[in-house]
Amino acid sequence: MTSMALAPRTALFLPASNPRAIAKARTLDCDMVILDLEDAVKPEDKDMARAAAIAAIAEGFGARIAAIRVNGTDAAEHGADLAAVAGSSAAMIVVPKVEDAGTAAHIVETGGKPILAMIETPRGVLAAASIAALPGVAGLIAGTNDLKAGLGIPSAAGRGGMSLALQSVVLAARAGGGWALDGVFNALADDAGLDAECREGRALGFDGKTLIHPGQIAIATAAFAPTPEEVSDARALLAAARGGAERFRDRMIEAMHVAQARLLLQRIGDID
């Protein structure tokens with residue numbers, strides 16, 4: 001994978017065909033904006049959305065990471081999307097339904113930018129490690145809606161049946177040294193459900209959550225942020241560490257734990 005900045009806790013998808021949503025995104029407290037040319041855009045609006053996304057990216061989104069999700073490789077718009085995004089100032093290309101390393105490598109070469117590969121099918125899960133290992137792949141996104149359908153799991157069922165697939169995405173991303181972002185949560189009015197799924201995702205090892213509505217940002221940010229107790233412990237650990245294996249607060253720590261503490265504090269801007 002390509003080494004990038006700290007992974008986003010919140011990555012908001014929004015239709016590139018919706019100028020009001022684009023304007024509002026510049027005021028939101030999310031870490032990443034993904035302008036969508038795929039599922040969120042009607043077929044008749046594809047060309048307009050592509051031009052709007054390029055213009056919006058040129059205008060910028062402040063400190064937020066700005067990416068564009070292109071249509072998939074089987075879509076008629078894919079080539080035009082990729083050519084347009086390659087010439088844009090987008091930080092990344094989000095690619096849906098990546099199922100093999102060859103496809104990912106081609107898009108990295110053609111697009112000339114780091115990609116976030118969406119793992120949305122059983123084939124994608126099985127190929128995730130080879131995809132994540134490629135130079136130019138910045139991370140993986142678990143496409144949970146399509147993945148659930150592809151696995152034959154009822155739409156009303158929870159995520160238990162996807163646990164192996166979700167952990168496989170995290171394992172592949174970590175082996176490649178890149179980001180792992182959890183899939184979207186569809187129930188817009190279920191704040192408790194969103195919070196529970198975000199905390200489950202963090203417990204699985206995901207860096208952050210992809211979102212589909214601005215109202216989900218605060219909950220996801222809080223869930224993926226370290227707790228005050230974790231921050232206090234990390235600060236104390238760094239202050240106490242002298243190198244090698246040693247005792248800290250009745251537990252053994254070593255270099256790995258120091259690195260984890262440092263990363264946690266970097267996440268909140270406590271240290272450089």
Side-chain angles (χ1 to χ4, degrees), residues 1-2 4-5 7-8 10-28 30-121 124 131-132 134-141 143 145-146 178-179 181 183-184 210-212 214:
M1 284 190 178
T2 294
M4 300 293 294
T10 51
L12 177 66
F13 281 105
L14 63 151
S17 55
N18 187 333
R20 291 181 60 187
I22 290 173
K24 184 174 182 178
R26 296 189 174 97
T27 71
L28 299 174
C30 56
D31 296 328
M32 184 176 191
V33 170
I34 304 173
L35 301 179
D36 191 15
L37 304 181
E38 195 210 16
D39 288 345
V41 178
K42 298 177 182 178
E44 62 269 26
D45 293 338
K46 295 286 189 179
D47 291 344
M48 176 271 288
R50 184 187 308 117
I54 301 306
I57 289 287
E59 187 175 341
F61 287 86
R64 301 163 195 84
I65 303 165
I68 297 176
R69 177 163 75 168
V70 298
N71 286 281
T73 56
D74 59 346
E77 300 85 6
H78 176 75
D81 287 351
L82 201 55
V85 176
S88 77
S89 54
M92 294 181 177
I93 304 171
V94 177
V95 187
K97 295 183 177 67
V98 180
E99 293 188 317
D100 61 85
T103 297
H106 173 73
I107 294 173
V108 168
E109 181 178 358
T110 306
K113 297 180 184 295
I115 73 169
L116 288 173
M118 297 194 68
I119 305 300
E120 304 185 75
T121 65
I131 294 166
L134 288 170
V137 175
L140 305 178
I141 298 175
N145 284 335
D146 284 278
W179 301 348
L181 300 182
V184 300
T210 50
L211 310 173
I212 53 174

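Throughout, numbering of the chain's residues begins at 1 and tracks the sequence.
Judged purely by atom type and a 3.5 angstrom limit, Lys46 has no side-chain atom pairing as donor or acceptor with the backbone of Glu77. No donor-acceptor distance shorter than 3.5 angstrom exists from the side chain of Asp36 to the backbone of Phe13, with no hydrogens or angles considered. Checking side-chain atoms of Lys97 against main-chain N and O of Gly143 turns up no donor-acceptor pair under 3.5 Å. Side-chain N or O atoms of Asp81 include none that pairs as donor or acceptor with a backbone N or O of Arg50 at under 3.5 Å. Asp100 contributes a side-chain N or O that, together with a main-chain N or O of Thr103, makes up a donor-acceptor pair within less than 3.5 Å. A donor-acceptor contact shorter than 3.5 Å links the side chain of Arg26 to the backbone of Gly60. Counting only distance, with no hydrogens or angles, the side chain of Thr10 and the backbone of Asp31 share a donor-acceptor pair below 3.5 Å.
Taking 4.5 Å as the limit, some side-chain heavy atom of Pro8 sits within range of a side-chain heavy atom of Leu181. Looking at heavy atoms from C-beta onward, Ile107 lies in side-chain contact with Thr73 at the 4.5 angstrom threshold. Ile141 is listed as a side-chain neighbour of Val94, based on a closest heavy-atom distance under 4.5 Å.
If you take CD1 on Ile68 and CG on Leu82, they are separated by 10.5 Å, rounding to the nearest 0.5 Å. In this structure, CE in Met118 is found 5.0 Å from CZ in Arg69, a value given to the nearest 0.5 Å. Atom CD1 of Ile57 is separated from atom OG of Ser89 by 6.0 Å, given to the nearest 0.5 angstrom. Atoms CD1 and OG, on Ile22 and Ser17 in that order, are 8.0 Å from each other to the nearest 0.5 Å. Note: Asn18 CG to Leu35 CG = 11.0 Å, rounded to the nearest 0.5 Å. For the atom pair CD1 (Ile212) and CD1 (Ile34), the distance works out to 12.5 Å, reported to the nearest 0.5 Å.
Minimum interatomic distance between Val33 and Arg64 (heavy atoms only, all atoms of both residues): CG2-CD, 4.0 Å. In plain terms, the two heavy atoms of Leu116 and Met32 that are nearest each other are CD1-CE, 3.5 Å. Counting all heavy atoms, side chain and backbone alike, Ala25 lies closest to Phe61 at CB-CE2, 4.0 Å. The nearest pair of heavy atoms linking Leu134 to Ala104 is CD1-CB, 3.6 Å. Between Pro135 and Val108 the shortest heavy-atom distance is O-CG1, 3.9 Å. In terms of heavy atoms, Ala91 sits closest to Pro114 at O-CD, 3.6 Å.
More than 12 heavy-atom neighbours from other residues, nucleotides or ligands sit within 6.0 angstrom of CD on Glu44.
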Taking it one step at a time, do Val137 and Val98 satisfy side-chain contact (heavy atoms from CB on, under 4.5 Å)?
CA-CA 11 Å; Val137 175; Val98 180; over 6 Å; no
